Amino acid sequence: MSIPSFGVGTFRLQGQVVIDSVRNALAVGYRAVDTAQIYENEAEVGQAIEASGVARGELFLTTKIWVPNYGRARLAPSLKDSLAKLRTDYVDLTLIHWPAPGNGVAIAEMMAGLMDAREQGLTRRIGISNFPIAETREAIAAVGKDAIATNQIELSPYLQNAKLVDFLNEQGIPVTSYMTLGYGKVLKDPVIGQIAQRHAATPAQVALAWALQRGFAVIPSSTRRENLASNLLARDLRLTEADMAQIAALERNGREVDPAGLAAAWD
């Protein structure tokens with residue numbers, strides 16, 4: 001039931017750009033793809049997957065439910081719409097995208113909707129995204145921690161989210177890191193650059209290897225085939241304890257994604 005440690009993200013990629021990105025990712029060896037209803041690219045992701053020739057059973061496909069569809073009566077039907085766009089009968093993982101406090105739907109109801117979707121065979125696993133500790137506790141109270149396949153959260157060397165990560169580890173809920181490269185800012189960091197030089201690696205490989213060694217799954221995106229292939233090599237890079245300590249010292253609460261009305265109070 002574990003989720004893949006390395007996938008390709010599609011945030012902010014649309015049209016032919018996302019088709020090419022997913023096609024190239026699958027061609028160089030990726031087998032996990034992350035999308036979302038609000039990305040408005042599920043149809044293109046589905047097109048790229050279908051054209052790739054990769055068997056559906058070899059893929060791990062994730063999507064996320066958007067705020068208007070959080071109500072229990074709307075969640076499963078909205079996921080059926082996503083499946084039609086993705087050209088598949090099921091996804092491997094479905095997440096609540098943001099807790100969106102004040103949206104009128106309690107977390108218990110959102111999670112019940114996810115459970116409905118799982119029971120209907122629309123998704124094999126369920127989980128949450130961008131949930132701080134208090135909201136994660138509510139999700140656990142609703143469905144139990146064992147039902148939550150992951151909490152997908154922004155994590156990078158500049159935003160290490162220690163309190164939340166520690167809590168998730170205590171609960172046994174796997175962490176998926178998005179924005180691991182900090183919108184590219186981390187790639188320009190001199191410490192990351194020095195570590196990369198020592199290992200004959202790229203800064204992106206160092207940041208991704210840091211996350212993998214912390215036990216996080218990663219879903220970096222790229223529009224360039226060579227970068228997609230290069231990023232995968234992070235799986236083979238082993239950072240030393242000294243490297244990890246240097247990266248730990250880079251914490252600066254460098255959050256890049258914090259949409260008004262969607263995020264709950266951060267830990």
Side-chain angles (χ1 to χ4, degrees), residues 2-12 32-39 60 62-67 70 92-101 103 107 110-111 114 125-143 145-186 204 207-221 234 247-248 250-267:
S2 62
I3 62 176
S5 63
F6 214 108
V8 64
T10 62
F11 177 51
R12 290 192 167 178
V33 181
D34 181 277
T35 184
Q37 292 176 343
I38 192 59
Y39 296 173
F60 190 99
T62 299
T63 195
K64 310 177 197 76
I65 304 297
W66 192 237
V67 180
Y70 282 0
D92 298 276
L93 176 63
T94 303
L95 309 176
I96 297 295
H97 204 151
W98 288 88
N103 76 97
I107 287 174
M110 303 175 197
M111 301 308 295
L114 284 180
R125 300 163 185 81
I126 64 172
I128 54 181
S129 181
N130 300 299
F131 273 48
I133 291 173
E135 287 67 26
T136 301
R137 288 189 189 278
E138 289 188 56
I140 291 170
V143 298
K145 61 185 179 182
D146 292 341
I148 300 173
T150 193
N151 189 359
Q152 185 180 123
I153 56 177
E154 183 183 349
L155 274 172
S156 77
Y158 286 174
L159 180 71
Q160 298 183 26
N161 250 322
K163 286 179 67 175
L164 178 55
V165 168
D166 287 347
F167 172 77
L168 294 171
N169 287 340
E170 289 167 5
Q171 298 299 314
I173 296 175
V175 174
T176 300
S177 163
Y178 75 82
M179 213 67 71
T180 315
L181 309 181
Y183 268 154
K185 295 177 182 177
V186 167
L208 293 167
W210 163 81
L212 292 170
Q213 284 182 222
R214 294 287 313 277
F216 311 148
V218 295
I219 47 170
S221 64
I247 296 172
L250 297 178
E251 168 65 59
R252 59 185 66 178
N253 196 32
R255 189 175 301 281
E256 298 290 337
V257 182
D258 193 13
L262 297 180
W266 301 113
D267 299 301

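All of these numbers come straight from a predicted model, not from anything done at the bench.
With S221 contributing its side chain and T10 its backbone, the two residues share no donor-acceptor pair below 3.5 Å. A donor-acceptor pair under 3.5 Å links the side-chain atoms of Q160 to the main chain of P157, judged by distance alone. A donor-acceptor pair under 3.5 Å links the side-chain atoms of E251 to the main chain of N253, judged by distance alone. In this structure, T150 contributes its side chain and P174 its backbone to a donor-acceptor pair below 3.5 Å. Looking at K64, its side chain never comes within 3.5 Å of a backbone N or O of Q37 through a donor-acceptor pair.
Separating the OG1 atom in T136 from the CD1 atom in I173 is a distance of 6.0 Å, to the nearest 0.5 Å. Atom CG of L164 and atom CD1 of I153 lie 4.0 Å apart (nearest 0.5 Å). Atom CG of residue D34 and atom OG1 of residue T63 lie 8.0 Å apart, to the nearest 0.5 angstrom.
The side-chain heavy atoms of V143 and L114, taken from C-beta on, include no pair separated by under 4.5 Å. Taking 4.5 Å as the limit, every side-chain heavy atom of I128 sits out of range of all side-chain heavy atoms of E135. R125 is not listed as a side-chain neighbour of T62, based on a closest heavy-atom distance of 4.5 Å or more. In this structure the side chain of Y158 never reaches within 4.5 angstrom of the side chain of M179, judged on heavy atoms. Within the 4.5 Å cutoff, no side-chain heavy atoms of E138 are placed close to those of F131. Q171 has its side chain within reach of I140: a pair of non-hydrogen atoms, C-beta onward, lies under 4.5 Å apart. Taking 4.5 Å as the limit, every side-chain heavy atom of I219 sits out of range of all side-chain heavy atoms of F11.
For S177, the side chain to side chain contact (heavy atoms under 4.5 Å, CB included) partners at least two apart in sequence or on another chain are L155, T180, F216, V218. Partners of F6 under the ring pair (Phe, Tyr, Trp, His ring centres under 6.0 Å) rule, at least two apart in sequence or in another chain, are Y30. With sequence neighbours left out, R12 forms a side chain to side chain donor-acceptor pair (under 3.5 Å) with Y183. Qualifying side chain to side chain donor-acceptor pair (under 3.5 Å) partners for N161, counting only residues two or more places apart in sequence or in other chains: none. Looking at residues two or more places apart in sequence or on another chain, you find a side chain to side chain donor-acceptor pair (under 3.5 Å) between T94 and T123. Not a single side chain to side chain donor-acceptor pair (under 3.5 Å) links S129 to another residue, sequence neighbours left out. For N169, the side chain to side chain contact (heavy atoms under 4.5 Å, CB included) partners are V165, not counting sequence neighbours. Annotation: side chain to side chain contact (heavy atoms under 4.5 Å, CB included) contacts of A204 (sequence neighbours excluded): L181, L187, T202, N231.
Taking each heavy atom of I107 and A139 in turn, the nearest pair found is CG2-N, 3.8 Å. The two residues Q152 and L95 come nearest to each other via the heavy atoms NE2-CD1, 3.5 Å. Scanning both residues, N130 and P99, for their nearest heavy atoms gives O-CD, 3.2 Å. The minimum heavy-atom distance between S156 and G182, with the atom names listed, is CB-N, 4.1 Å. Heavy-atom minimum distance, G127 versus I148: CA-CG2, 4.2 Å. Minimum interatomic distance between A149 and L93 (heavy atoms only, all atoms of both residues): CB-CD1, 3.8 Å.
Here salt bridge (charged side-chain N to carboxylate O under 4.0 Å, His left out) pairs that include residues 167-181, with residues two or more places apart or in two chains, number zero.
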Would you give me the side-chain donor-acceptor pairs under 3.5 Å for residues 255-267, sequence neighbours excluded?
from : atom 1 : to   : atom 2 : distance (Å)
E256 : OE1    : K185 : NZ     : 3.4
E256 : OE2    : K185 : NZ     : 3.0
D258 : OD1    : W266 : NE1    : 2.9
D267 : OD2    : I133 : N      : 2.8

Residue pair D166, K163: steps toward the side-chain contact (heavy atoms from CB on, under 4.5 Å) verdict
CA-CA 5 Å; D166 287 347; K163 286 179 67 175; 5.9 Å; no
Set out, in order, the CA-CA distance, both residues' side-chain angles and the distance that settles side-chain contact (heavy atoms from CB on, under 4.5 Å) for W98 and Y70, then state yes or no.
CA-CA 10 Å; W98 288 88; Y70 282 0; 4.1 Å; yes
